[in-house]
There are 2 protein chains.
Amino acid sequence: MPRSRAPSEPRLEGRLRRLRTAGHRITAQRKAVLRALAGMGCACGAEDIHARARRIYPRLGLVTVYRTLGALVREGLAQTVQLDDGRIRYELRDDGRHHHHLVCLSCGAIARLETCAVGPLQQAGRRRGFTVTAHRLELFGYCGDCRSLEREAR
Amino acid sequence: MPRSRAPSEPRLEGRLRRLRTAGHRITAQRKAVLRALAGMGCACGAEDIHARARRIYPRLGLVTVYRTLGALVREGLAQTVQLDDGRIRYELRDDGRHHHHLVCLSCGAIARLETCAVGPLQQAGRRRGFTVTAHRLELFGYCGDCRSLEREAR
DNA sequence: TATGTAAATGAAAGTCATTTTCATTATCTC
DNA sequence: GAGATAATGAAAATGACTTTCATTTACATA
Ligand SMILES: [Mn+2]
Ligand SMILES: [Mn+2]
Ligand SMILES: [Zn+2]
Ligand SMILES: [Zn+2]
């Protein structure tokens with residue numbers, strides 16, 4: 001039985017192709033950022049992604065990471081999570097649909113939230129004369145681990 | 001028939017009392033910020049509030065505005081709106097219940113959204129082991145005015 | 001109504017994530 | 001290959017806050 005190829009590589013190809021189609025050039029730096037992003041466990045900040053991508057392309061500048069992340073978000077290949085204090089985390093969108101997040105205020109853990117009940121609100125927006133093109137929804141609280149720790153400390 | 005008193009003044013008193021009860025001192029600066037905030041049409045940034053409050057108390061520093069806004073939010077008298085780019089707008093909470101916002105990506109106008117359909121999502125959070133203590137929800141798009149302008153330009 | 005004390009203020013300096021500038025380099029089209 | 005133009009990165013700039021610290025002020029207490 002042939003060992004199946006790692007699933008991340010063909011995805012990388014597809015993403016590069018989509019960037020290309022959108023009029024961007026394919027560079028070693030962009031490949032590195034994309035691979036770093038694919039390798040992160042969950043949503044991370046630009047610095048983290050920079051650190052990881054540098055292991056692939058050591059002379060990569062942080063500016064390029066920001067620019068690449070911006071392009072990925074604009075093209076719909078990545079999305080952002082806004083932390084409580086406004087800082088931004090990035091993650092790849094692996095399927096077509098977006099999702100929201102649960103953010104732990106204690107340890108910063110980010111959990112995925114598949115549900116998106118924003119449809120009815122778009123209606124409300126339309127009633128106010130708005131055309132709604134995007135939305136952001138984050139839930140903040142405390143994850144199971146942090147609650148356990150707190151309980152122990154008592 | 002006696003002319004009814006302007007509704008904002010007794011509210012100001014109540015807010016000052018609440019600050020006082022929470023252990024804060026009442027200063028001319030804080031009164032000015034509170035009155036400026038009450039006079040703004042919709043959620044505004046610290047600079048705007050500073051500018052307006054200075055008309056009441058000219059030597060007010062921007063730092064004090066930030067500190068006062070922070071206190072108001074902590075005491076539940078004001079709330080924030082996060083713009084698309086992470087900048088923060090402040091507004092007084094005139095009733096007990098919170099609400100969300102529609103933000104125009106073109107002119108920055110902010111409309112109020114009474115509906116808050118986040119209840120079911122809290123459930124989803126609980127299923128992930130989270131205790132949800134807060135959430136943020138903003139819709140982005142284009143207001144009626146900006147759409148009209150765009151149509152004219154065509 | 002004084003007085004002591006802790007809180008509040010504001011000018012200046014600091015922070016920090018992100019953006020801009022601009023000279024150089026690399027990709028892709030022909 | 002050559003040329004056009006997009007991308008890169010070092011350095012500097014930005015901007016929205018926050019911190020520091022010497023000075024002023026509110027207000028609890030006498
Ligand atoms: Mn996610
Ligand atoms: Mn509002
Ligand atoms: Zn946690
Ligand atoms: Zn608008």
Side-chain angles (χ1 to χ4, degrees), chain A residues 13 15-37 43-51 53-54 56-75 77-90 108, chain B residues 13 15-37 43-51 53-54 56-75 77-78 80-90 103 108:
Chain A
E13 291 305 321
R15 283 166 177 142
L16 289 172
R17 200 162 34 244
R18 283 186 57 183
L19 273 186
R20 193 79 266 291
T21 312
H24 299 280
R25 292 180 180 176
I26 303 309
T27 65
Q29 289 91 326
R30 284 176 177 169
K31 282 185 197 166
V33 170
L34 222 26
R35 285 184 54 196
L37 210 45
C44 301
E47 293 274 13
D48 293 340
I49 294 158
H50 182 221
R54 251 177 194 291
I56 302 166
Y57 189 91
R59 42 163 307 178
L60 176 69
L62 180 56
V63 203
T64 298
V65 174
Y66 275 110
R67 283 192 280 230
T68 302
L69 290 172
L72 290 174
V73 169
R74 251 174 280 119
E75 303 306 340
L77 291 162
Q79 67 177 9
T80 59
V81 191
Q82 276 224 8
L83 265 39
D84 190 45
D85 57 8
R87 275 178 311 167
I88 288 176
R89 299 280 172 92
Y90 298 84
Chain B
E13 291 303 322
R15 283 168 176 141
L16 289 171
R17 202 162 35 245
R18 282 186 59 183
L19 271 186
R20 192 80 264 292
T21 312
H24 299 279
R25 293 179 180 177
I26 303 308
T27 64
Q29 288 89 330
R30 283 176 179 170
K31 282 185 198 168
V33 170
L34 222 26
R35 286 183 53 196
L37 209 45
C44 301
E47 294 273 12
D48 293 340
I49 295 159
H50 182 222
R54 250 179 195 291
I56 302 168
Y57 189 92
R59 39 164 307 179
L60 177 69
L62 180 57
V63 203
T64 298
V65 173
Y66 275 111
R67 282 191 282 230
T68 302
L69 290 172
L72 290 175
V73 170
R74 251 173 281 118
E75 304 305 340
L77 291 161
T80 59
V81 192
Q82 279 226 5
L83 264 40
D84 191 45
D85 57 8
R87 276 178 310 168
I88 288 176
R89 298 278 173 95
Y90 298 84
V103 182

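As the structure is a computational prediction, the values presented were derived from the model and not from experiment. Below, chain A is the first sequence line, B the second, and so on; all start at residue 1.
- With C/dT9, D/dA16, D/dT8 as the choices, the nucleotide that has an atom nearest any side-chain atom of B/Arg67 turns out to be C/dT9.
- In this structure, A/Leu60 places its CG atom 15 Å from P of D/dA7, rounding to the nearest Å.
- Among the nucleotides D/dA10, D/dT8, C/dA17, the one closest to the side chain of A/Glu47 is C/dA17.
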Please, what dot-bracket string fits DNA chain C when only Watson-Crick and G-U pairs with both distances under 3.5 Å count, crossing ones use [ ] and pairs to another strand use |?
||||||||||||||||||||||||||||||
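- In this structure, the NZ atom of B/Lys31 is 15 Å from the P atom of C/dA8, given to the nearest Å.
- Under the 4.5 Å side-chain criterion, counting only non-hydrogen atoms from C-beta, B/Thr27 is not in contact with B/Thr64.
- Here A/Arg30 reaches the OP1 or OP2 of D/dA7: one of its side-chain N or O atoms lies under 4.0 Å away.
- The side-chain hydrogen bond (donor to acceptor under 3.5 Å, both in side chains) test applied to B/Glu75 returns B/His24, not counting sequence neighbours.
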Treating primed atoms plus P, OP1 and OP2 as sugar-phosphate and everything else as base, which nucleotides of nucleotides 24-30 of chain D get B, S or - for protein heavy atoms under 4.0 Å?
-BBSS--
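- For the pair A/Leu83 CG and C/dC16 P, the interatomic distance rounds to 16 Å; values are reported in whole Å.
- Among the nucleotides D/dT8, D/dA10, C/dA17, the one closest to any side-chain atom of A/Thr68 is D/dT8.
- With sequence neighbours excluded, the residues forming a side-chain hydrogen bond (donor to acceptor under 3.5 Å, both in side chains) with A/Gln79 are A/Glu91, A/His99, listed by chain and number.
- Between B/Gly86 and A/Gly61, the residue anchored nearer the 5' end of DNA chain D, judged by the nucleotide with its closest heavy atom, is A/Gly61.
- Once rounded to the nearest 0.5 Å, the distance linking CG of B/Leu60 with OG1 of B/Thr68 reads 7.5 Å.
- Put simply, CG on B/Leu16 and CD1 on B/Ile26 are 5.0 Å apart, with the number rounded to the nearest 0.5 Å.
- Going from atom OH of B/Tyr66 over to atom C1' of D/dT20 covers 18 Å, rounded to whole Å.
- As a whole-Å value, the separation of B/Ile49 CD1 from D/dC17 P is 10 Å.
- Not counting sequence neighbours, the partners of A/Arg87 by the side-chain hydrogen bond (donor to acceptor under 3.5 Å, both in side chains) test are A/Asp85.
- Listed by chain and residue number, A/Arg67 satisfy the side chain to side chain contact (heavy atoms under 4.5 Å, CB included) test with A/Val63 (two or more places apart in sequence, or in another chain).
- For A/Val63, taking side-chain heavy atoms from C-beta onward, the closest of the listed nucleotides D/dA11, C/dT18, D/dA16 is D/dA11.
- A/Leu62 has its CG atom 11 Å from the C1' atom of C/dT19, to the nearest Å.
- Atom NE2 of residue B/His50 and atom CG of residue B/Leu69 lie 11.0 Å apart, to the nearest 0.5 angstrom.
- One can place CZ of B/Arg74 at 14 Å from P of C/dA7, the figure rounded to the nearest angstrom.
- We find that CG of B/Asp48 is positioned 13 Å from C1' of D/dA16, with the value rounded to whole Å.
- Taking CZ from B/Arg15 and CZ from B/Arg18, the interatomic distance works out to 9.0 Å, rounded to the nearest 0.5 Å.
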